[in-house]
Amino acid sequence: MPALAKYNVQVTTGDFPHAGTLDKISIILFGTKGESNKTTLFNLGKMLYPGTTCSFQVPCYTDLGDILLIRLFKEKHVFFPSDDWFCSNVLVKDHTGKRFQFPCYQWIVENGRFDLIEGKGTFFADVENNLQIKHCQNRLEAHRKNLRWTTFAEGIPRCVDIQDPNQLPAELRFSFTKNIELGFTFATAVTELKLKGLTDMCEPWENLDDLSHVFCFKKTYLSEYTHHHWTEDSFFGYQYLNGCNPIIIQKCIQIPKNFPVTNSMVSQFLNGGSLDKEIKARNIFLVDYKLLDNVPPNVIDGVQQYLPAPLCLLYKDKQDQLLPIAIQLKQKSGPENPIFLPSDLKYDWLLAKTYVRSADFNYHQLVSHLLRTHLMAEVFCMATYRQLPSIHPLFKLLVNHMRYTLQINIMARNILLAKDGIFDKAASTGGGGFVVILQRALDSLTYSSLCLPENIKARGMENIPNYYYRDDGIQLWKIINRYVKKFITFYYKKDKKVKDDQELQRWIKEIFTEGFLGKTSTGIPQSFSTLQQLIGFVTMVIFTCSAQHAAVNSGQFDFYGWMPNGPSTMTRPPPTNKGRTTMPDLLQSMSDVKNTCRAMSAVWLLSRQSSDFVMLGHSSSIYSTEEKPLGFLEEFREDLKNLASEIRKRNKGKQIPYNYLLPDEIESSVAI
Ligand code: FE2
């Protein structure tokens with residue numbers, strides 16, 4: 001019998017090395033009116049090449065109606081090894097020209113069958129076809145089985161119960177390219193240090209020249225700048241606005257009781273003003289590392305390490321420079337805990353600032369970077385894969401912001417946080433201290449502090465000039481919010497739809513209970529009842545996974561590549577008096593040779609951009625196939641492009657350009 005209907009099937013393979021396959025590929029189409037026979041698309045002697053779209057005909061004896069689902073079969077040839085295939089997308093066209101898209105964007109590694117559902121965004125409750133219902137249920141069940149929650153340490157956000165990244169479902173694993181590159185980068189960094197015999201040296205640095213020879217060919221413009229300017233007060237202050245940790249500084253409304261700075265101590269640095277007057281004029285700022293107070297410091301290779309919990313007062317002068325004017329290295333004030341001033345002897349002041357930078361390194365890595373971006377992103381990713389079917393509009397919106405997050409966090413737990421990992425070997429917060437800090441930080445973490453506009457307001461940082469992290473971040477927040485609003489209202493229309501969406505309600509409930517451990521004090525919603533609530537929360541999720549992570553991740557080598565600007569540990573207790581510090585004291589107080597090398601290898605590795613980097617607004621996978629949402633994405637990209645040119649204009653001629661929130665430098669997910 002001649003075929004009544006022919007379906008044109010276009011199969012697109014991923015555009016990167018090894019994405020193609022030699023295996024036999026067949027297909028069955030399932031439509032509203034029936035199904036096709038199993039039809040072989042590809043057989044022995046042919047290959048699906050990377051980056052190609054191949055077209056095939058699938059003949060049918062009946063009209064299948066709208067195509068709802070396709071079933072792909074991958075079978076290895078006898079005597080040939082199985083060949084993994086990265087299928088990007090399958091497009092089916094019927095004889096009238098009607099198009100049905102089947103986004104895949106994942107590795108098909110197993111031999112056997114593999115179902116793909118039609119890409120139109122819809123809610124599970126609205127799905128009528130049994131095949132589609134079953135497909136969604138099976139996928140969610142598989143994700144819930146493969147991605148179980150576990151407790152890494154009590155009191156911190158829960159995480160995925162997988163220790164070996166190879167156990168992750170294929171769609172969540174690193175690409176071949178990224179695997180190779182990451183291994184190569186780490187290996188070369190360590191080899192270089194080994195060759196110099198540095199990773200085994202338990203000695204303090206003898207002079208700063210020795211330090212400049214480490215990683216001598218791994219430099220950036222800013223790591224060099226840091227090397228030459230790290231002792232300057234203005235550079236110290238600048239980093240609180242535009243360095244790796246731009247979220248700890250706050251306006252000082254009142255001098256803390258445990259930091260008894262007086263007017264007579266600091267008036268000489270206030271351009272003739274008084275402390276009270278400058279506080280009222282909103283020119284005084286405070287950084288307080290109280291979260292680090294009494295955290296048991298690490299012992300590395302039998303040597304006691306020290307973790308200060310300093311307070312630092314800063315002044316915005318008439319030239320708009322932010323300058324430190326007083327530093328106290330421990331929380332409890334007293335005669336053995338002097339307040340250091342810029343007028344102290346050169347090395348007293350520099351040593352005090354170095355202790356602050358060491359506290360900042362640890363606070364930044366654990367609180368601002370690990371907890372507030374990596375661990376948050378993991379929670380959002382887990383809830384998304386476990387609770388939202390792939391047809392769900394929110395899954396389609398978020399999936400590109402979840403790329404590689406589980407794998408990088410598993411690797412961070414294995415390489416950085418595990419017993420004898422980099423933290424234990426190189427940081428004062430290793431040996432268990434980091435868990436205490438993460439617990440305290442989660443206790444005080446709030447939903448509003450994750451929302452940049454509220455965060456800026458709560459810290460009183462709305463008006464300070466040259467705060468590029470704030471300026472660029474707020475623009476990005478608005479752009480992301482505009483995109484999210486268009487996307488969400490296209491699918492939800494009314495508050496009632498939000499309230500009635502069971503998958504969505506389970507998603508936010510899981511984030512609240514597993515990520516924020518059911519702490520109502522965080523202000524994280526336990527359910528959504530309005531569109532506005534949903535749009536706000538999703539904006540925060542995308543901002544955290546992309547822009548916020550870029551702001552705290554990308555500058556690590558720039559600022560820490562020169563160790564004295566951010567020692568991962570201090571090997572002597574904070575000084576209890578003034579007037580005695582010499583250059584050798586400073587060198588002997590900082591991280592020793594091997595600890596420096598270990599920390600710098602990690603910092604180098606984590607600041608690298610990989611070749612399969614996907615920038616914000618672009619996607620390695622287009623799950624949304626409908627015209628309108630695709631149009632919103634285009635507008636989103638246009639907004640980001642315009643912002644990029646504004647930022648470039650602003651940066652022109654600046655000695656330190658602020659590039660971390662340039663939209664084309666922002667990765668769309670926490671992937672490194
Ligand atoms: Fe990171």
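Every number for a ligand or one of its atoms is a count from 1 in the order of the listing.
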Chemist: Under the rule for salt bridge (Lys or Arg N to Asp or Glu O under 4.0 Å), what residues qualify as partners of K396, not counting sequence neighbours?
Modeler: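 Expected list: none.
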
Chemist: Using a strict cut-off of less than 4.0 Å between a Lys/Arg side-chain nitrogen and an Asp/Glu carboxylate oxygen, indicate whether D301 and K425 qualify as a salt bridge.
Modeler: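 No salt bridge links D301 with K425.
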
Chemist: For K519, check side-chain hydrogen bond (donor to acceptor under 3.5 Å, both in side chains) against everything at least two apart and list the hits.
Modeler: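 By the side-chain hydrogen bond (donor to acceptor under 3.5 Å, both in side chains) rule, K519 matches D443.
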
Chemist: Distances under 2.8 Å only: what protein N/O/S atoms are near the Fe ion (ligand 1), ordered by chain and residue?
Modeler: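 Correct list: H369 NE2, H374 NE2, H549 NE2, N553 OD1, I672 O.
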
Chemist: Quick one: side-chain hydrogen bond (donor to acceptor under 3.5 Å, both in side chains) partners of T384, sequence neighbours excluded?
Modeler: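 By the side-chain hydrogen bond (donor to acceptor under 3.5 Å, both in side chains) rule, T384 matches W507.
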
Chemist: Would D639 and K641 pass as an ion pair if we require N to O under 4.0 Å?
Modeler: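 Salt bridge: no.
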
Chemist: Which residue, R413, R386, R372, R158, forms the salt bridge (Lys or Arg N to Asp or Glu O under 4.0 Å) with E378?
Modeler: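 Passing option: R413.
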
